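Below: one structure, written as structure tokens.
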Amino acid sequence: MSKEITSRETDYAQWYNDLVIKGELADYSAVRGCMVIKPYGFALWENMRDALDRMFKETGHVNAYFPLFVPKSLFEAEEKNAEGFAKECAVVTHYRLKADPAQKGKLIVDPEAKLEEELVIRPTSEAIIWNTYKNWIQSYRDLPILVNQWANVVRWEMRTRLFLRTAEFLWQEGHTAHATQEEAVAETKQMLDVYADFVENWMALPVIKGVKTENERFAGAVDTYCIEALMQDGKALQAGTSHFLGQNFAKAFDVKFSDKENKLEYVWATSWGVSTRLVGALVMAHSDDQGLILPPKIAPVQVVIVPIYKGDEQKTMITKKVNEITSQLKAAGIRVKYDDNENARPGWKFAEYEMKGVPVRLAIGARDLEKNEVEVARRDTKEKRMVSADGVAEYIAVLLGEIQAAMFDKAKDFREANTRKADTWDEFVQILDNQGGFIAAHWDGTSETEDAIKEKTKATIRCIPIDNPQEEGKCILTGKPSVQRVLFARAY
RNA sequence: CGGGAGGUAGUUCAGCCCGGUAGAAUACCUGGUUUGGGACCAGGGGGUCGCAGGUUCGAAUCCUGUCCUCCCGACCA
């Protein structure tokens, strides 16, 4: 009653906004294009961040922190990268404000405090990091360098959307330096696997691993690998990228090392990142018209317990039982919340926690107490069943795993049902307009054709899947020969 | 950045065309009855009408500027 969600069918974009706002993940702010991540949304991000951070450390990486500001001369050193980002950079030109002589209580930029050299606010940190690595690397013994940083970056986007594209966002960026090309390529692929593992096993979202075409490649990279996920409206979303940078940055920043034969060589580099955009992907992939549906492994609250009682006496008895159950759940490492707030009635709480996507809800009333039972409701399927209070912690531990798996399977079924082959242009356009999803189709391999297809249909090549089967065919647009199908989709 | 829509109570919105005491629902506070899917009754508090100028005796309302949001488009490694 108090919180209505626009249905997906009515307006998918509005549905998404409603979930983010009413699910209390984020708020709009007074700054154009920037959002406030609210405590519930941040708790979700923290769970994602912590899981990823552990995975990075398990693969030998360490965290560090580099400056927010990048001197313009450093930023422009790697030309392609600089050009790629130039249009969306925020730039600091002054370092002081002063009282406005014309208007009391107002401030103006002090024209005498102009910076000698402008500072670019990092849209990504390759420049400042490679300028630093130059000082860290002399010998092959200094390699590899396997550093990650958790940071904010700024990209001055024309059109923003909560989590999916904001002017400032949080992410992690890994930047590694290696003695050989083989090692750098292996690192690039390893981190792609880490991302795929995380998104599939923690976020319950199946992804396709692939390589970007030249058009979609990171500026400054030799190869860009990506994981692509499919949202419920049939649009694709890039969930993470991993770049093999070759020696481009080493050459731009003159980073050389002496190898075992005492020969000077440029180092080989990678970079890889995922951002708070993943939160947007999570929302769009799993949720329904009643609200968010969060996978148990990253849900801030995994189990909420709602008491149903008449009078203090019943509440006391129920609370006593709940405390037993709560401590069992906590002992099993389950994140549980007991909502005994007296101002809200049970029905209201049920709706509220459905909105916020809590995977499992327990309801306990006087009736249940007599029978030593609790009602267990799962968010993803809305199924409810009575379970004996004695084994409820074990039951829930298993149930959380089932929910996690069911959410992945559901998303995977959806993706498979929405991945189609197209062999003719008409077929391609028909699928795009009527069904969306991924389309596997032949392409002649040229940028011009990719641009032309984008121009006509707004679909782009999301990736060339890794281990893509080779198959003779003809480009859907030009009819020229092709050796493999690539994955097209309209994308976020 | 172009086109469209919007900003009035914590929230959703009416009022604006045609200037004259700022409203409703909900939320909130107090008391009571309630509590198994968004309770009910009674009483009460709360708004510089996004911000800044202007017109006017008088502006939420008319004019100008500006900020923020949404949708569509362009753009988006």
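Computed from a predicted model, the values in this text were never measured in an experiment.
The listed nucleotides are B:G36, B:C76, B:G73; the one nearest the side chain of A:K87 is B:C76. In this structure, of B:G38, B:G73, B:U35, it is B:G73 that holds the atom nearest to the side chain of A:K458. Taking the side chain of A:E352 as heavy atoms from C-beta on, and the options B:C71, B:G38, B:G36, the nearest nucleotide is B:G38.
Residues from residues 65-86 of chain A lying near RNA chain B, meaning a heavy-atom separation below 4.0 Å, are A:F85 in numerical order.
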Listing, residues 305-312 of chain A side-chain donor-acceptor contacts under 3.5 Å, not counting sequence neighbours, or none:
none

Got a list of side-chain donor-acceptor pairs under 3.5 Å for residues 238-254 of chain A, not counting sequence neighbours?
| residue | atom | partner | partner atom | Å |
| --- | --- | --- | --- | --- |
| A:Q238 | OE1 | A:K212 | NZ | 3.1 |
| A:T241 | OG1 | A:H243 | NE2 | 3.4 |
| A:S242 | OG | A:T188 | O | 2.7 |
| A:H243 | ND1 | A:T224 | OG1 | 2.9 |
| A:Q247 | NE2 | A:Y266 | O | 3.0 |
| A:N248 | ND2 | A:G220 | O | 2.9 |
| A:D254 | OD2 | A:K134 | NZ | 3.4 |

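Taking atom P on both nucleotides, B:U30 is separated from B:U69 by 36 Å, rounded to a whole Å. For the P atoms, the distance linking B:U26 with B:G20 amounts to 28 Å, nearest Å. Distance noted for atom C1' between B:U48 and B:U8: 12 Å (whole Å). If you take atom C1' in B:A25 and the same atom in B:C57, they sit 36 Å apart, rounded to whole Å. Taking atom P on both B:G15 and B:G73, the two are 30 Å apart, rounded to the nearest angstrom. The gap from the P atom of B:A22 to that of B:G50 amounts to 15 Å, rounded to the nearest Å. Comparing B:A9 with B:G45, their C1' atoms are spaced 11 Å from each other, to the whole Å. One C1' atom belongs to B:G47, the other to B:G32, and the distance between them is 30 Å to the nearest Å.
Within the 4.0 angstrom heavy-atom criterion, no nucleotide atom of any strand lies near A:A344. Among the heavy atoms of the strands lying under 4.0 Å from A:E375 is at least one base atom, whether or not backbone atoms are also near. A:G33 comes within 4.0 angstrom of the backbone, heavy atoms only, and of no base. Counting non-hydrogen atoms under 4.0 angstrom, A:E342 reaches nothing in the nucleic acid. Note on A:S29: only backbone sugar-phosphate atoms sit closer than 4.0 angstrom, heavy atoms only; bases stay farther off.
Taking a pair to require two hydrogen-bonding distances under 3.5 Å in either a Watson-Crick or a G-U wobble arrangement, B:C1 pairs with B:G73. Pairing of B:A42, defined by two Watson-Crick or G-U wobble distances under 3.5 Å, is identified with B:U30. Pairing of B:U35, defined by two Watson-Crick or G-U wobble distances under 3.5 Å, is not identified with any nucleotide. Across every strand in view, B:U48 sits unpaired, with no contact that passes the Watson-Crick or G-U test at under 3.5 angstrom. Figure legend. B:G6 is base-paired to B:C68; pairs are counted as Watson-Crick or G-U wobble with both atom distances under 3.5 Å. Of all nucleotides present, only B:U12 satisfies the Watson-Crick or G-U wobble test against B:A24, with each distance under 3.5 Å.
Rounded to an integer number of Å, the gap from CD of A:E373 to P of B:G36 is 19 Å. Summarising the geometry, the separation between CZ on A:R490 and C1' on B:C72 is reported as 14 Å, rounded to the nearest angstrom. With rounding to whole Å, A:I364 atom CD1 is found 19 Å from B:U35 atom P. Distance CZ (A:R345) to P (B:U26): 15 Å, rounded to an integer number of Å. Between A:E24 atom CD and B:A27 atom C1' there is a gap of 14 Å when expressed in whole angstrom units. Following rounding to the nearest Å, A:N215 (CG) and B:C75 (C1') show an atom-to-atom distance of 15 Å. Per the geometry, CZ belonging to A:R361 stands 12 Å off C1' belonging to B:G38, to the nearest Å. One interatomic measurement links the two molecules: NZ of A:K235 to C1' of B:C76, which rounds to 12 Å at whole-angstrom precision.
The phosphate of B:C71 (OP1 or OP2) has a side-chain N or O of A:N17 nearer than 4.0 angstrom. Contact annotation: A:R367 does not reach the phosphate of B:G36 (side-chain N/O to OP1 or OP2, under 4.0 Å).
Sorted by first and then second residue, the side chain to side chain donor-acceptor pair (under 3.5 Å) pairs with a member in residues 453-466 of chain A read A:E228-A:R462, A:T460-A:R462; sequence neighbours excluded. The salt bridge (charged side-chain N to carboxylate O under 4.0 Å, His left out) pairs that include a residue from residues 362-375 of chain A are A:R361-A:E375, where partners are two or more places apart or lie in different chains.
Within 6.0 Å of CD on A:E214 lie no more than 12 heavy atoms contributed by other residues, nucleotides or ligands.
Side-chain atoms of A:L205 and A:M407, non-hydrogen and from C-beta on, never get closer than 4.5 Å to each other. In this structure the side chain of A:K72 never reaches within 4.5 angstrom of the side chain of A:L119, judged on heavy atoms. A:P71 is not listed as a side-chain neighbour of A:N131, based on a closest heavy-atom distance of 4.5 Å or more.
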Can you check each nucleotide of nucleotides 1-9 of chain B against protein heavy atoms at under 4.0 Å and return B for base, S for sugar-phosphate only, - for none, in 5' to 3' order?
-> B--------
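When ring centroids are compared, A:F438 and A:F488 stay outside the 6.0 Å threshold.
The residues A:R8 and A:D289 are annotated as salt-bridged, a charged nitrogen and a carboxylate oxygen being separated by less than 4.0 angstrom. Between A:E354 and A:R379, none of the side-chain N atoms (NZ, or NE/NH1/NH2) sits under 4.0 Å from a carboxylate O, so this pair counts as no salt bridge.
Relative to the six-membered ring of A:Y225, A:K189 misses at least one condition, a distance below 6.0 Å or an angle of at most 45° to the axis.
Nearest-nucleotide positions on RNA chain B for A:R165 and A:Y309 put A:Y309 closer to the 5' end. The 5' end of RNA chain B is approached more closely, in terms of each residue's nearest nucleotide, by A:Y28 than by the other of A:Y28 and A:W171.
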